[in-house]
Amino acid sequence: MRNVLDVRVLANRYFAQLNLCCPQNLSSYSLARTVHGHVIASGFKLRGHIVNRLIDIYWKSSDFVYARKLFDEIPQPDVIARTTLITAYSALGNLKMAREIFNETPLDMRDTVFYNAMITGYSHMNDGHSAIELFRAMRWANFQPDDFTFASVLSASTLIFYDERQCGQMHGTVVKFGIEIFPAVLNALLSVYVKCASSPLVSSSSLMASARKLFDEMPKRNEFIWTTLITGYVRNGDLTGAREILDTMTEQPGIAWNAMISGYLHHGLFEDALTLFRKMRLLGVQVDESTYTSVISACADGGFFLLGKQVHAYILKNELNPDRDFLLSVGNTLITLYWKYGKVDGARKIFYEMPVKDIITWNTLLSGYVNAGRMEEAKSFFAQMPEKNLLTWTVMISGLAQNGFGEQALKLFNQMKLDGYEPNDYAFAGAITACSVLGALENGRQLHAQIVHLGHDSTLSVGNAMITMYARCGIVEAARTMFLTMPFVDPVSWNSMIAALGQHGHGVKAIELYEQMLKEGILPDRRTFLTVLSACSHAGLVEEGNRYFNSMLENYGIAPGEDHYARMIDLFCRAGKFSDAKNVIDSMPFEARAPIWEALLAGCRTHGNMDLGIEAAEKLFKLIPQHDGTYVLLSNMYASLGRWNDVARTRKLMRDRGVKKEPACSWTEVENKVHVFLVDDTVHPEVLSIYNYLEKLNLEMKKIGYIPDTKYVLHDMESEHKEYALSTHSEKLAVAFGLMKLPQGATVRVFKNLRICGDCHNAIKFMSKVVGREIVVRDGKRFHHFKNGECSCRNYW
DNA sequence: GTAGGGTTAG
């Protein structure tokens with residue numbers, strides 16, 4: 001039996017040991033476990049300060065389950081243990097559990113600190129209303145609020161206050177309680193004014209003036225207060241004002257400089273951010289993790305990859321300290337830096353070397369894979385993520401959609417909703433993009449309705465995706481309406497609309513829109529030129545295309561890339577100007593790689609320039625021997641010349657060389673083999689008749705050594721998404737239409753669920769030219785008349 | 001046991 005004194009000595013010793021523990025540090029966690037073990041072994045009952053301290057260390061070391069277990073084992077947890085637990089649950093974002101502990105605590109046990117913890121929990125989780133409500137309840141129950149209370153309450157107020165009157169009232173309350181002598185409270189009050197001023201609903205000038213007055217009258221200013229004011233000016237877009245404050249500062253807290261750097265960063269002034277960083281180093285101002293994070297981010301977004309790499313090297317050399325949490329946010333930004341400059345492997349290396357990762361780390365590398373189009377890696381990475389959030393899903397959905405996996409993207413979109421996530425505008429934009437990939441107009445329209453219902457329709461991401469979706473589905477008019485009714489447009493919107501017109505043969509209109517964009521002072525970017533050149537190419541506007549191409553470097557300082565040269569080759573080939581196309585290749589400042597030769601071969605396919613096509617194919621065989629695309633293009637070229645034996649020879653060559661994928665069925669190959677094919681109104685027989693039809697076609701093609709991919713169609717018909725399956729293959733349907741030897745003026749009905757999409761429309765136009773007859777296609781209540789390669793549908797165009 | 005400012009992902 002121990003005597004009381006022994007126990008107390010022991011307890012004090014344990015407590016001293018525990019106080020040595022620094023939370024959030026693994027070694028302190030194991031020390032806590034050891035002490036805990038000693039306590040139990042000695043038969044000493046866990047209670048009082050020791051147990052509270054243990055709970056505190058456990059949860060701060062993220063062993064929350066254990067912390068809770070310990071708490072539950074205490075027969076009568078005191079108010080301190082309860083406060084710890086409330087703080088713990090709040091920090092984990094679980095306000096429900098925190099509130100449960102709160103409610104279970106009898107009124108006579110509570111104290112001000114206890115209330116403060118719960119109020120702070122609400123405030124940190126951005127639940128301003130609950131925080132204020134609890135503050136009222138606290139006063140109602142006659143608890144005296146202190147400076148901590150007001151700091152939290154004021155912080156909560158910034159979330160819900162929207163006008164000057166409220167700010168003034170709160171100011172009065174603070175003075176009434178005589179709390180304004182505490183810097184933390186004053187700073188929080190300043191923050192209330194500043195955040196209210198940055199609300200779009202109020203005029204910021206008078207609120208900022210009040211904030212400034214408050215600031216000027218402060219007896220003492222600490223680094224918090226300087227920083228709050230600087231961010232205030234930054235948030236209100238007054239970077240000059242912010243900089244003036246920074247320059248008048250007597251002390252130089254690094255944190256205020258960080259606020260300024262991040263201000264420059266968020267206003268796109270990357271060079272200013274970097275200049276300030278240099279000055280900071282020069283003056284010896286404390287640089288920390290946050291500084292590096294912003295600076296690397298500025299490098300990533302501002303086109304300073306080399307500088308970013310230098311900063312990386314500097315950090316590795318001077319700042320690498322595994323004991324600090326240094327690597328997390330800096331590492332996250334570094335991953336962004338590397339993938340944004342195409343160094344996905346570099347990004348991956350950083351990821352795997354990081355000792356501590358969070359969800360941002362995972363999301364960032366996922367974005368890297370997705371952006372590089374490395375979807376297989378992205379998919380397996382997504383599958384092995386330990387935690388996902390809305391952004392994770394969004395990145396994956398739009399990534400799948402943009403890389404052509406429309407069906408998978410829509411599946412994931414539904415999965416996301418099943419998992420309880422409310423899609424945001426970006427997620428909807430991803431789903432809409434998936435619909436444009438699939439040509440699934442019906443689906444896109446349903447999404448459009450939901451988007452309007454949820455009020456996401458005014459956002460840029462959704463609007464831009466919708467323009468493209470309607471355009472790809474052939475409804476250029478709807479795309480135009482979107483473009484015209486969007487409250488804000490950006491260069492992407494212009495690009496999308498120009499592309500919409502260009503893709504549907506409205507080359508002249510596309511160019512007119514481009515000119516209008518220039519008039520409105522929007523600068524074209526690399527993608528704009530890709531779009532404009534395509535439009536010229538489709539509309540046969542060779543001279544204009546050439547002029548725009550030359551203007552890139554001359555007027556806008558954009559060096560044409562490989563893709564732009566490829567577009568020029570396409571432009572010339574379509575116009576039959578093969579020698580000009582060849583000249584483009586000779587004049588390029590870099591060695592022609594595969595995409596260039598592919599463009600040439602594709603151009604030769606369309607216009608049957610066999611010699612040049614073979615030359616391009618030879619280059620491609622050398623450059624990428626196992627690439628099936630070359631064989632497809634080459635055999636298509638032969639097919640367009642009716643050289644069926646060469647088609648068969650090419651395909652044999654491909655098999656002999658062990659190249660895997662079979663070329664897809666394409667209209668040029670079979671245009672000489674025209675059949676009658678009509679569909680009726682019900683769904684099932686239509687599916688069957690297409691299948692039967694293609695089966696028949698199969699046999700005929702096999703006779704000449706061609707293996708078409710009807711398996712593909714059959715496979716999708718069996719899939720659960722019938723509607724997508726039909727829509728996915730609208731291009732193939734167009735092929736089927738094209739194959740028909742249509743009687744003069746014949747009408748073809750399109751499936752109930754299928755509308756004429758962009759690709760389909762183009763294919764039918766093309767076939768009307770080839771067949772030399774008028775084709776009438778009924779699409780719902782509308783009729784499309786195709787004749788001589790043009791469509792004269794009044795309702796649409 | 002509780003408070004106020006700056007920090008990265010589409």
Side-chain angles (χ1 to χ4, degrees), chain A residues 49 52-53 55-56 59 77-88 90 111-121 123-124 145-156 158 179 182-192 194 222-232 234 253-263 265-266 288-297 300 325-326 328-337 339-340 358-368 370-371 389-399 402 424-427 429-430 461:
Chain A
H49 293 325
N52 290 342
R53 185 77 181 124
I55 293 173
D56 194 35
W59 84 258
D78 64 10
V79 69
I80 295 177
R82 289 164 192 266
T83 308
T84 306
L85 214 64
I86 286 177
T87 315
S90 302
D111 61 12
T112 299
V113 179
F114 179 74
Y115 271 96
N116 289 350
M118 193 65 227
I119 292 175
T120 307
S123 168
H124 281 175
D146 61 7
D147 49 328
F148 282 79
T149 322
F150 270 96
S152 288
V153 167
L154 286 166
S155 172
T158 63
I179 304 277
F182 295 98
V185 175
L186 272 182
N187 184 47
L189 186 62
L190 186 63
S191 189
V192 171
V194 151
N222 61 19
E223 57 178 54
F224 283 81
I225 289 168
W226 284 105
T227 313
T228 305
L229 194 68
I230 289 174
T231 31
V234 165
I255 216 153
W257 290 65
N258 290 349
M260 195 66 229
I261 290 181
S262 100
L265 170 66
H266 288 128
D288 67 5
E289 178 187 358
S290 180
T291 324
Y292 286 122
T293 309
S294 295
V295 163
I296 295 165
S297 192
D325 247 359
F326 200 90
L328 187 57
S329 69
V330 173
N332 289 347
T333 337
L334 280 170
I335 295 177
T336 314
L337 174 79
W339 79 248
K340 280 206 175 157
D358 65 0
I359 184 147
I360 297 183
T361 324
W362 286 84
N363 281 347
T364 310
L365 189 59
L366 182 70
S367 303
V370 160
N371 244 278
N389 64 10
L390 188 59
L391 194 101
T392 319
W393 290 89
T394 311
V395 167
M396 199 59 201
I397 290 167
S398 55
Q402 273 158 19
N424 60 2
D425 50 336
Y426 278 105
S461 50

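We name chains A, B, ... by the order of the sequence lines, and we start the count at 1 in each one. Please read these numbers as outputs of a predicted model, since none were measured by experiment.
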How would you list, by chain and number, every residue that makes a side-chain contact (heavy atoms from CB on, under 4.5 Å) with L391(A), sequence neighbours excluded? N363(A), N389(A), V395(A)
Counting any heavy atom closer than 4.0 Å, what does T394(A) reach on the DNA or RNA strands: base, sugar-phosphate only, or nothing? base
Cut-off 3.5 Å, no hydrogens considered: what does the side-chain donor-acceptor table look like for residues 253-262 of chain A, sequence neighbours left out?
residue	atom	partner	partner atom	Å
N258(A)	OD1	T291(A)	OG1	2.7
N258(A)	ND2	D288(A)	OD1	3.1
S262(A)	OG	A259(A)	O	3.4

What stems involve DNA chain B, if each pair must be Watson-Crick or G-U and both of its distances must be under 3.5 Å, with 3 or more such pairs in a row? none
Which residues satisfy the ring pair (Phe, Tyr, Trp, His ring centres under 6.0 Å) test with F114(A), sequence neighbours excluded? F102(A)
Contact class for T364(A) vs. all strands (heavy atom < 4.0 Å): base, sugar-phosphate, or nothing? sugar-phosphate
Counting the atoms with a prime plus P, OP1 and OP2 as sugar-phosphate, which does D146(A) contact under 4.0 Å by heavy atoms, base, sugar-phosphate, or nothing? nothing
Could you tell me from which nucleotide to which nucleotide of DNA chain B, 5' to 3', there is an atom under 4.0 Å from chain A heavy atoms? dG1(B) to dG10(B)
For T394(A), enumerate each residue passing the side-chain contact (heavy atoms from CB on, under 4.5 Å) test, keeping only those at least two apart in sequence or located in another chain. L390(A), N424(A), Y426(A), A427(A)
Any base atoms under 4.0 Å from T293(A), or only sugar-phosphate, or nothing? Heavy atoms, all strands. sugar-phosphate
Does V79(A) reach a base, just sugar-phosphate, or nothing at all? Heavy atoms under 4.0 Å. base
Going by side-chain hydrogen bond (donor to acceptor under 3.5 Å, both in side chains), name the residues that satisfy it together with T158(A), two or more places apart in sequence or in a different chain. none
Can you list everything that forms a side-chain contact (heavy atoms from CB on, under 4.5 Å) with T364(A)? Sequence neighbours excluded, please. I335(A), T336(A), W339(A), I360(A)
Going by the rule side-chain contact (heavy atoms from CB on, under 4.5 Å), which residues pair with T87(A) if we only count those two or more places apart in sequence or in a different chain? W59(A), T83(A), A117(A)
